[in-house]
Amino acid sequence: MSESQHTEYKRQWKDDLLKWLCAFANAEGGTLKVGYDDQGQAVGVDQAGKLLEGIPNKVRDVLGMVVDVNPVMHGTLPTLHIHVPAYPYPISYKGEYHYRSGSTKQELKGAALDRFLLRKQGITWDGVPVPHLQASDLQDSTMKRFRELAIHNQRLPETIREEGNPLLLERLRLTKDGYLKRAAALLFHPEPDRYVTGAAIKIGAFGKNDADLLHHDEITGNLFTQVETAIEVLKLKYLKARISYDGLYRQERFPLPMAALREAILNAVVHKDYATPVAIQISVYPDKLMIWNPGQLPEAWTLEKLLGKHASHPHNPDIANAFFRAGLIESWGRGIERIKDACAQDGYPTPTWALEPGGWWVTFGYAPEDVTPEVTPEVTPEVVRLLTVLQGEMGRQELMQCLGLRDEKHFRQYYQQAAMAFGVIEMTLPKTPRSRLQKYRLTEVGRQWLAATHKPAKA
């Protein structure tokens, strides 16, 4: 017999084993069998009669709970079976919280401990009240936009137009005991990272490997803004569309369906474990796009259950409710199914999901015809002109002269700053941006863009 989620073997009793009993109580319960080797073979335990009386008292005094200690004889070898029920409230061992996971015991700390304590109290992370956060601190334009979406999608009545923000927040169950919840800060505050570290989406374009980072962006703001901005930035700077024509009509085909990408980003934002200070990460490669979502599956769930038909079980129910009321997600646990359907409908490969410690990946592989030699951004006509005249290192006045421009403000906004935002040019003196000696040069991304789009004509 091997050890499992509900069984642990020990040769002799030591008071340190109270940690194992604590772990069983905080998980699904289990049995600690004393007087056995690691393979579950009985070897006998010393002073079984004395322990039969002493162990229950120690458990009661140190852990504050009750267990059953039963003697079991294997021939002439006495053993003890200590049965521990699952407790509905947290059990601590001298201020430490231990938890049984599989056949191992772990001490809970940091974000894992926060999740455990909240779960035992029937509270989710996004439902915790936030002191000093007021309705007046929230972004009125976002709340107005939310109202319009909820009414348009018939998820809330038209009367919410006349309701003040405090009443709308109550309707969305974003208040508790006179305080706003963490979910309210993430959904409607203009700077939620003031309250929640890591509430952001990071996007990076990579070349042939992870060490070859070409350019990157960090998307912040409330969660509604993050979703919209991330999709627009990906389309503008990271995903190169193939252009074709149906008669007079121009058609664009991105390397993955935008409906599936949108659904995947929505899933990541709604289900992220915001107790961890790690941002959602979107990595764009020449042949695939990968989304890393910090989080964990519901207790006792497997990857197979996640990918199959299942009921909705959001990690952040208050956040999920707001996105549902806005009409951005469904409430049937169909997010993955919708992603697969969007890919199949437009003839794209089916994405894959993989669990890792601390989160999971969803990977969109590109069809062979959609693979690009390198990740290159779709730039504006003004930036194209700038890239074609930039030779080596050039200053602002020199560039304006080559472009035939006189309006410095126009040059700065539509040429210089736009090109830097696309990651195709960089300053030679980035630490002193206003230096009179400042010049500009192509980045590796800029050189790749020129090589891909301005190939020399064949002789």
Side-chain angles (χ1 to χ4, degrees), residues 201-219 229-244 250-265 267-268 279-293 339-340 342-354 356 359-381 383-384 386-388 390 418-426 441-458:
I201 299 175
K202 291 185 176 181
I203 305 175
F206 295 85
K208 298 178 181 179
N209 53 58
D210 290 340
D212 189 14
L213 176 62
L214 304 177
H215 56 96
H216 62 93
D217 289 276
E218 182 171 3
I219 313 300
T229 304
I231 294 172
E232 288 306 311
V233 169
L234 282 166
K235 291 171 64 177
L236 183 65
K237 296 179 60 176
Y238 291 84
L239 299 174
K240 191 176 183 63
R242 285 194 294 116
I243 308 300
S244 62
R250 171 187 165 115
Q251 296 180 336
E252 293 184 339
R253 178 182 170 93
F254 285 95
L256 72 162
M258 290 298 101
L261 177 63
R262 174 184 176 277
E263 191 71 32
I265 294 175
N267 277 349
I280 295 168
Q281 298 175 23
I282 303 177
S283 303
V284 184
Y285 298 87
D287 60 346
K288 63 187 175 183
L289 180 146
M290 302 177 69
I291 301 176
W292 166 255
N293 189 26
I339 292 172
K340 292 180 178 179
C343 291
Q345 181 177 349
D346 293 332
Y348 289 91
T350 301
T352 60
W353 284 260
E356 289 187 6
W360 59 84
W361 288 100
V362 55
T363 301
F364 292 89
Y366 303 159
E369 63 270 20
D370 294 315
V371 174
T372 57
E374 294 290 345
V375 179
T376 56
E378 287 287 336
V379 299
T380 62
V383 172
V384 172
L386 176 61
L387 294 179
T388 55
L390 181 54
M420 293 184 66
F422 283 118
V424 292
I425 70 169
E426 63 185 0
R441 62 192 173 204
L442 293 172
T443 63
E444 180 61 28
V445 177
R447 288 189 289 273
Q448 290 179 3
W449 187 92
L450 281 176
T453 59
H454 286 66
K455 296 178 180 178
K458 294 182 180 180

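Please read these numbers as outputs of a predicted model, since none were measured by experiment.
Atom CE of M290 and atom OG1 of T363 lie 3.5 Å apart (nearest 0.5 Å). Between E232 atom CD and K237 atom NZ the span is 13.0 Å, to the nearest 0.5 Å. Interatomic distance, CG of L214 versus OG1 of T443, reported as 8.5 Å (0.5 Å rounding). Here I282 contributes atom CD1 and L289 contributes atom CG; the two are 6.5 Å apart, rounded to the nearest 0.5 Å. Summarising the geometry, atom CD1 belonging to I203 is positioned 9.5 Å from atom CD1 belonging to I231; distances are rounded to the nearest 0.5 Å. Between K202 atom NZ and I219 atom CD1 the span is 12.0 Å, to the nearest 0.5 Å.
V445 has its side chain out of reach of F422: every pair of non-hydrogen atoms, C-beta onward, lies at least 4.5 Å apart.
Shown here are the side chain to side chain contact (heavy atoms under 4.5 Å, CB included) partners of A260, two or more places apart in sequence or in another chain: P257, I339, A342, C343, F364. Residues satisfying the salt bridge (charged side-chain N to carboxylate O under 4.0 Å, His left out) criterion with R447, sequence neighbours excluded, are E444. Partners of W361 under the ring pair (Phe, Tyr, Trp, His ring centres under 6.0 Å) rule, at least two apart in sequence or in another chain, are W292.
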Go through H215 and Y238 one step at a time and tell me if the ring-ring contact (aromatic ring centres under 6.0 Å, His included) criterion holds.
CA-CA 9 Å; H215 56 96; Y238 291 84; 4.6 Å; yes
Please test M258 against L256 for side-chain contact (heavy atoms from CB on, under 4.5 Å), starting from the C-alpha separation and ending with a verdict.
CA-CA 6 Å; M258 290 298 101; L256 72 162; 4.2 Å; yes
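Counting heavy atoms of neighbouring residues, nucleotides and ligands inside a 6.0 Å radius, atom NZ of K340 exceeds 12 of them.
Under 3.5 Å, the side chains of D212 and Y285 contain no donor-acceptor pair of N or O atoms.
Residues L450 and L387 approach most closely at CD1-O, 3.8 Å, considering heavy atoms. Between L239 and F254 the shortest heavy-atom distance is O-CE2, 3.6 Å. The two residues N293 and A268 have their closest heavy-atom pair at OD1-O, 3.2 Å. Contact between I265 and A230 at its shortest, heavy atoms only, is CD1-CB, 4.4 Å. Closest of all the heavy-atom pairs between R253 and D346 is NH1-O, 3.3 Å. The minimum heavy-atom distance linking P255 with Y366 is given by the pair O-CD2, 3.4 Å.
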